[in-house]
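Quick note: numbers below take in every heavy atom, side chains included, and nothing from hydrogens, waters or symmetry partners.
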Amino acid sequence: MVVQQYPSYATARQNATKSDLVFPLTTIQQDGENHTVVGVPESTPSELSDLSVSWRNATIPVPPDRGIRGAVSTPNSQRIQTRSGDQTSIHVSPYETDDSIFPRTWYVANPSTVQEFGETGALVIRVSDSSTHGQQLTQKGTITPSLSAYFLRGMREVLHALTAATIAASALILVVLYNVTKMSVRDRIRSIAVIRSTGGTARRLIGIFSLRSGLLGILGCILGVVIGVGATRAVVEIAIYLGMSFSLDPSITPSVVRILLVINGCLVGTAMLAGASAAWSTVRQPPAQLNHEKTRASVSRTTQKSWRGIRIQPRLLSWRAVIPTATTLTVFALIIILSGSLAGVLAPLATASTGTVTEPGAPYPMASRIETQYATALRDQGIEASPEIIAVQVADGKPYLARGANYSAFAAVSNADLVTGHSPQSPSEAVIGEDLAQTLNITTGDTVLIGGSTSPAFTRVRVVGVYRAPGMQDDQLIFPLETAHTISTKPGTVQFIRTAGDTPQTQTGEHQGSETENIVISSMSAPEMVGVGQEFTVSVGVQNIGTSERTRKFSMSFAGETQHRSVTLQSGEKTTVKLNSSVSEAGNYSLTIGPHSQSISVYQKPPLVLPATPEEAPPGAEIGVAVRTITEQNVSNAKITIGDTNTTTNEYGLAKITLPETPGTYELTASKGNRTKTTSIQISSDATRHLVADIDITPDRGTTYTKPEALIRIANPWSTDLHRNVSLVSPLETESRIATIPAYSVKNIPVTLEETDSPDRIPPGRYTAKVVSNGTVLATDTYVVTGDAQIQSSLTQNTDFSSGSGLGQAVEVVFGNFKLLIAGMMLLAGLTTIGSTTATFAQEVHARRQAIGIHRATGATRCHLLKALFSDVVRISIPASIIAIVSAFGIMYGMSLAGMLTIFGIQLTVMANPFVIVGTIFGAFLLSCLSVSIAVLPLLMTSPSVLQSGQVARSSP
């Protein structure tokens, strides 16, 4: 499917066809955060079955009859603010399934509800079918799933670059065949003169030479295909034999034949043009002038120009060779600079300072699935680590790379720096690389749709910053890992972890480094909110993973103060260190211990909460209301109001109140001074009396050997006793208890979470525990299990580590071994340049063959002639190389402006490296010397008398 966004619903309808799906959008604010609400029309199908895959159905959630639908565990009422600023309460129902084409953070409603809140835009979804051409779908909008379209579009960009290569090859063909034909014309001047004298037309002669050159072109193309395919197969076989990654398949298929026919047709046409051009100036002359042409060509130059005593005039060759030499060297320089640019982009992906942790046996990193929390364990070893997910994209026909990652971790392993804006601070924000921003014409503040690579889903982010990074790292869009999970892997799982720094320790007991490497801080637990002056406890998990007794000193930084602790542990021993702290001023503070950090909010007067209030109730029911602060302190003398009824809490923060008799939605408000807390209660005759629960898991983050404790608080706010079946459900276990909760009372149930099949170990990952009563979910909480002290063994058993970045390995899957690719391109550049410059110098040497014969006859040795020719080559190749470098950079910049240097969304940078420039000039000089040596060799091996008679390489008329 293709997703497009429009600024208004009316505009979307105008641009949509009858078969398109149109969804109005709006934004609401809840608890200070913005949330997107999408309106689903009644006629919308509940599932796009053609797009569903085994791991995810393309489901479109059905909006509820009243209110909105969202990612909540139980139906509840929420206080929201619309775009107009109005405050209102709305009923929120949970999603019926985890599968959806929309992000789970979005709310779903009827279109009328969206219009009521204030429309902010619209989405149009176009779904392909058997009657729709995929090429038409890729022009506008974001494609999802996008994997195949990404490679199709990327290959189209490769073909654009190959078009430039074909043009360059045509230039070489033009130069080579022009020189070859020019020599043939010079050898046949007398025959041409005879033909012209006996009535032959110039047009017929030009046609003959053009046809001859075209036949040479056809023969050259046939030999080129045969030799090229054979050489390519040989290179591939050698690469495979040497164990290199190489995905090129040099097979001749019908599509390959079609491409070769087009390319070779262009080259043959160029050959015919070269033949006609070479013969044009000669055959159009009168026959009388043709008889003197040979004599003029053989006259030796006697005037030698010099500058400050240095001779600048070539002795044997002509200045006319500068232009064809510059043309051939331009192609050589173009390929060298292009290869250098490609190397500059790809080289940072394979540096030894970076590495990738992947799933064992995964064919390439994007097919890998590993736990996110391995990154925390790697950081405990002092290694920068970034868990990441690659999401290839196609937007408005342009392929590019999007990466799900936490920007701070991504920047640490990529050497990235923000140049404008700020890093993402919410799941709906993203940053973009400088090169990609230029390619897609995106700036800060723009909204970007991101589709799934292999999943029928999409999300939307706003670009809040632009960053710069080396190589192809800034040809990407970076959005939060949390958002990437909505369109790719499940939460807690990533495709790979990129690292920077040392190689991860891979086996337990192989740590011979510092104390920090042997004693790790495995966990930290602290409250998120406290009151001013309230003392709280921080629990720190520490474990010795070394082979001997170790001592480690660590520090806790909080509110400008630092506490130091020292712990001594035996090999394999672990312990929990507790530190106490308090703050005398309100504010938001950061708590940091080793690699762990946490934000703690300190309140002067903590906000009020209503922890045990039902969401639905029968008319006239009497309930108990508890008023506490967010720091779990009881609030006495708080005023409670609902409808026309009000009461006051006692010294324990409790009160009884009678609910209204008339059905409807009422606001229950608790106030104490300038602090208020409001919640909604739906009065309905169909409402049943449910328990109210809360669950708190301690610690919320631990190692694989930590056994977290869950404290369940079951509250009965009703005036009658309730007999219920209460269960704790988690991925590890389900524990059920039948309990009777007296009226207006709270019962605490402590539970230790552990895996029943293996009580000593809980695998790394993110887990959710639910409190369920008679089929109704009352409360949920999550906890995270990080890599434990045995991470080295875990990494050995559950992951693979290799040098380079995950994207670099993916590039090798697509392109093969790019080092071999670049070496092959440079070798090809050298061979083509030798061939074309040899033809150029052969034409010049051929024109001076009688002068060479005179030098040979008057005593000049072969070495003397080679020295003179090399001296001429220096004089010709220097200006030709300068022209070639300038022309090559001009062509590269022109290709860049035309978008021909953007491949798979990666923009190749034109590398004006002085080493590349000097190396290109030096290489051009060496190739020129080799070419002139090959060109003059037949003349040096020929008798001087034959050279003077002008019979070398002459065929019969």
Side-chain angles (χ1 to χ4, degrees), residues 1-6 15 123-126 128 132-164 341-342 345-346 366 389-404 430-463 466-469 471-479 484 487-488 807 810-811 814-815 892-910:
M1 62 180 175
V2 179
V3 187
Q4 291 178 261
Q5 53 183 347
Y6 291 91
N15 289 273
L123 294 176
V124 173
I125 294 181
R126 181 173 296 110
S128 65
T132 305
H133 296 290
Q135 289 296 98
Q136 297 175 352
L137 291 178
T138 60
Q139 300 304 316
K140 293 292 183 180
T142 298
I143 298 178
T144 178
S146 59
L147 189 61
S148 61
Y150 172 79
F151 282 105
L152 287 173
R153 279 291 172 178
M155 287 309 300
R156 175 172 294 184
E157 292 178 337
V158 171
L159 289 177
H160 290 166
L162 289 179
T163 301
S341 301
L342 187 62
V345 168
L346 300 179
M366 277 77 81
I389 296 172
I390 292 293
V392 296
Q393 301 294 306
V394 178
D396 295 335
K398 295 181 179 179
Y400 71 94
L401 289 169
R403 185 191 297 265
V431 293
I432 192 170
E434 271 190 324
D435 284 351
L436 183 60
Q438 180 181 355
T439 301
L440 301 181
N441 193 25
I442 290 177
T443 59
T444 54
D446 290 346
T447 300
V448 180
L449 286 172
I450 302 176
S453 296
T454 56
S455 297
F458 65 91
T459 187
R460 192 170 64 162
V461 295
R462 185 170 61 90
V463 176
V466 178
Y467 72 91
R468 180 186 297 120
M472 62 194 296
Q473 299 292 2
D474 62 357
D475 286 282
Q476 301 172 60
L477 179 75
I478 309 300
F479 60 103
I487 60 172
S488 185
L807 199 55
V811 167
V814 177
F815 294 105
M892 287 285 288
Y893 280 113
M895 293 175 62
S896 179
L897 293 176
M900 298 179 68
L901 294 185
T902 301
I903 299 176
F904 288 96
I906 302 166
Q907 188 178 107
L908 301 184
T909 304
V910 181

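- Here the side chain of Gln5 pairs a donor or acceptor atom with the backbone of Thr447 at under 3.5 angstrom.
- Residues Ala457 and Met1 share a closest heavy-atom pair of N-CE, 4.2 Å.
- Looking at Ser488, its side chain never comes within 3.5 Å of a backbone N or O of Ala484 through a donor-acceptor pair.
- At a threshold of 4.5 Å between non-hydrogen side-chain atoms, the residues Tyr150 and Leu401 count as touching.
- One finds the CG atom of Asn15 at 8.5 Å from the CZ atom of Arg126 (value rounded to the nearest 0.5 Å).
- For the residue pair Pro456 and Pro145, the shortest heavy atom distance occurs at N-CG, 3.9 Å.
- Nearest heavy-atom pair, Lys398 versus Thr439, reported as atom, atom and distance to 0.1 Å: NZ-O, 3.2 Å.
- In summary, of the residues considered (Ile432, Leu436, Val394), a side-chain contact (heavy atoms from CB on, under 4.5 Å) with Tyr400 occurs for Leu436 alone.
- Using a 4.5 Å heavy-atom threshold, the side chains of Gln473 and Arg403 count as touching.
- Distance check: Tyr467 OH to Asp474 CG gives 6.0 Å after rounding to the nearest 0.5 Å.
- For the pair Gly397 and Pro399, the tightest heavy-atom approach, listed with the atom from each and the gap, is O-CD, 3.7 Å.
- Using a 4.5 Å heavy-atom cutoff, the side chains of Ser455 and Ile487 are not in contact.
- Across all their heavy atoms, Ser146 and Val392 have their closest contact at OG-O, 2.6 Å.
- Note that the CG atom of Leu449 and the CG atom of Asp396 stand 9.5 Å from one another [nearest 0.5 Å].
- When every heavy atom of Gln393 is checked against every heavy atom of Ala402, the shortest pair comes out as CG-CB, 3.8 Å.
- The distance from atom CG of Leu440 to atom CG of Asp475, rounded to the nearest 0.5 Å, is 9.5 Å.
- Proximity of a side-chain donor or acceptor of Thr459 to a complementary backbone N or O of Ile450 within less than 3.5 Å is not detected.
- Counting only residues at least two apart or in different chains, salt bridge (charged side-chain N to carboxylate O under 4.0 Å, His left out) contacts with residues 438-457 are absent.
- Within the 4.5 Å cutoff, the side chain of Ile442 has heavy atoms near those of the Val448 side chain.
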